[in-house]
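Written out below as structure tokens is the structure these notes cover.
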Amino acid sequence: GPFFNILFAVFIYTIVYLNGVQVMGTLVGAIRDNSPAQISGLKTGDRIVEIDGQKVRFWDQLLKVVHNNPGKLMEFIVERESTVLTFPITPMSDETTNLFGEKEKVGLIGITPLMRKITSVKENSPAKKAGLNEGDDLIAVDDTPILGWQELKSAAIDKPDKELFFHIKREG
């Protein structure tokens with residue numbers, strides 16, 4: 001009864017704690033043209049570490065801070081290679097619909113996260129047969145640099161039955 005429900009919950013939390021949960025960091029991927037991020041000088045590969053004095057380690061934290069401050073000038077602290085830089089950025093205001101169907105204003109700066117890590121490769125798939133492994137970083141497909149899902153979709157997923165060259169980085 002209730003005791004086993006509690007015991008099962010403790011078991012699940014223990015398993016999740018031991019295995020960890022994958023989260024996205026704050027590496028900047030694609031930057032939209034004429035966006036606040038591009039105008040300020042952010043570049044692909046920059047790591048956002050702080051916004052208005054608030055440390056950010058995960059993409060969800062970054063989104064929350066930016067979304068909650070449309071139209072407010074904010075100071076972004078960024079690591080670029082071995083240099084720490086400061087960028088003043090004002091998130092543009094955009095209207096979106098929340099989970100409850102209500103319209104709300106959110107701040108956007110025009111960036112997506114840098115997502116290159118291959119997290120899963122199915123057995124007997126073309127990717128496995130080609131030699132891709134979990135943990136590889138996907139740098140480019142043919143001549144298209146991969147910064148995230150959008151680039152991967154247009155460079156590879158939308159091209160079934162076509163031979164493609166995947167450029168990867170493995171173990172450094």
Using the rule that two of Ile, Leu, Val, Met, Phe, Trp, Tyr join whenever any of their side-chain heavy atoms come within less than 4.5 Å, decide whether [X] and [Y] are in one cluster.
X: Met92; Y: Met74; value: no
X: Ile48; Y: Ile39; value: no
X: Leu108; Y: Leu63; value: no
X: Phe87; Y: Ile111; value: yes

Just so I know, are the side chains of [X] and [Y] near enough to count as touching, which here means a heavy-atom distance under 4.5 Å?
X: Ile77; Y: Val84; result: yes
X: Lys159; Y: Leu164; result: yes
X: Glu104; Y: Thr96; result: yes

Interatomic spacing from [atom1] in [X] to [atom2] in [Y] - rounded to 0.5 Å:
X: Ile109; Y: Phe76; atom1: CD1; atom2: CZ; result: 4.0 Å
X: Glu50; Y: Leu62; atom1: CD; atom2: CG; result: 12.0 Å
X: Ile146; Y: Leu138; atom1: CD1; atom2: CG; result: 5.0 Å

Does the [X] side chain pair with the main chain of [Y], one donor and one acceptor, at a distance under 3.5 Å?
X: Thr44; Y: Gly29; result: yes
X: Glu102; Y: Asn98; result: no
X: Thr112; Y: Ala30; result: yes
X: His167; Y: Asp142; result: yes
X: Gln54; Y: Ile51; result: no

Only counting residues at least two apart or in another chain, list the ones meeting salt bridge (charged side-chain N to carboxylate O under 4.0 Å, His left out) with [X].
X: Glu151; result: none
X: Asp33; result: none
X: Asp94; result: none
X: Asp52; result: Lys72

Quiz item: Which residue pairs pass the side-chain hydrogen bond (donor to acceptor under 3.5 Å, both in side chains) test with at least one member in residues 127-136, sequence neighbours excluded?
Solution: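 For residues 127-136: Asp136-Arg170.
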Quiz prompt | Qualifying side-chain hydrogen bond (donor to acceptor under 3.5 Å, both in side chains) pairs, either residue in residues 79-89, two or more places apart | solution =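 Counting only pairs at least two positions apart or across chains, the side-chain hydrogen bond (donor to acceptor under 3.5 Å, both in side chains) contacts touching residues 79-89 are Asp46-Arg80.
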Give me the atom names and distance for the closest heavy-atom approach of [X] to [Y].
X: Thr26; Y: Val56; answer: CG2-O, 4.1 Å
X: Asn69; Y: Val65; answer: ND2-O, 2.6 Å
X: His67; Y: Pro70; answer: O-CD, 3.5 Å
X: Gly107; Y: Pro91; answer: CA-CB, 3.8 Å
X: Ile89; Y: Pro36; answer: CG2-CB, 3.8 Å
X: Phe166; Y: Ala156; answer: CZ-CB, 4.0 Å

Quiz item: Which other residues end up in the same hydrophobic cluster as Ile139, if Ile, Leu, Val, Met, Phe, Trp and Tyr are linked when side-chain heavy atoms come under 4.5 Å apart?
Solution: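 Besides Ile139, the cluster holds no residue at all.
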Quiz item: If you group Ile, Leu, Val, Met, Phe, Trp and Tyr whenever their side-chain heavy atoms sit less than 4.5 Å apart, what else falls in with Leu147?
Solution: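 Leu147 clusters with Leu27, Leu114.
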Kindly write out the residues that satisfy side chain to side chain contact (heavy atoms under 4.5 Å, CB included) with [X], not counting sequence neighbours, or none if the list is empty.
X: Lys103; value: Glu95, Thr97
X: Ser35; value: Ile31, Arg32, Ala37, Gln38
X: Phe3; value: Leu7
X: Glu163; value: Phe165

Quiz item: Does a sphere of radius 6.0 Å around CG in Asn5 hold more than 12 heavy atoms from other residues, nucleotides or ligands, not counting ones at 6.0 Å or beyond?
Solution: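 More than 12 within 6.0 Å, yes.
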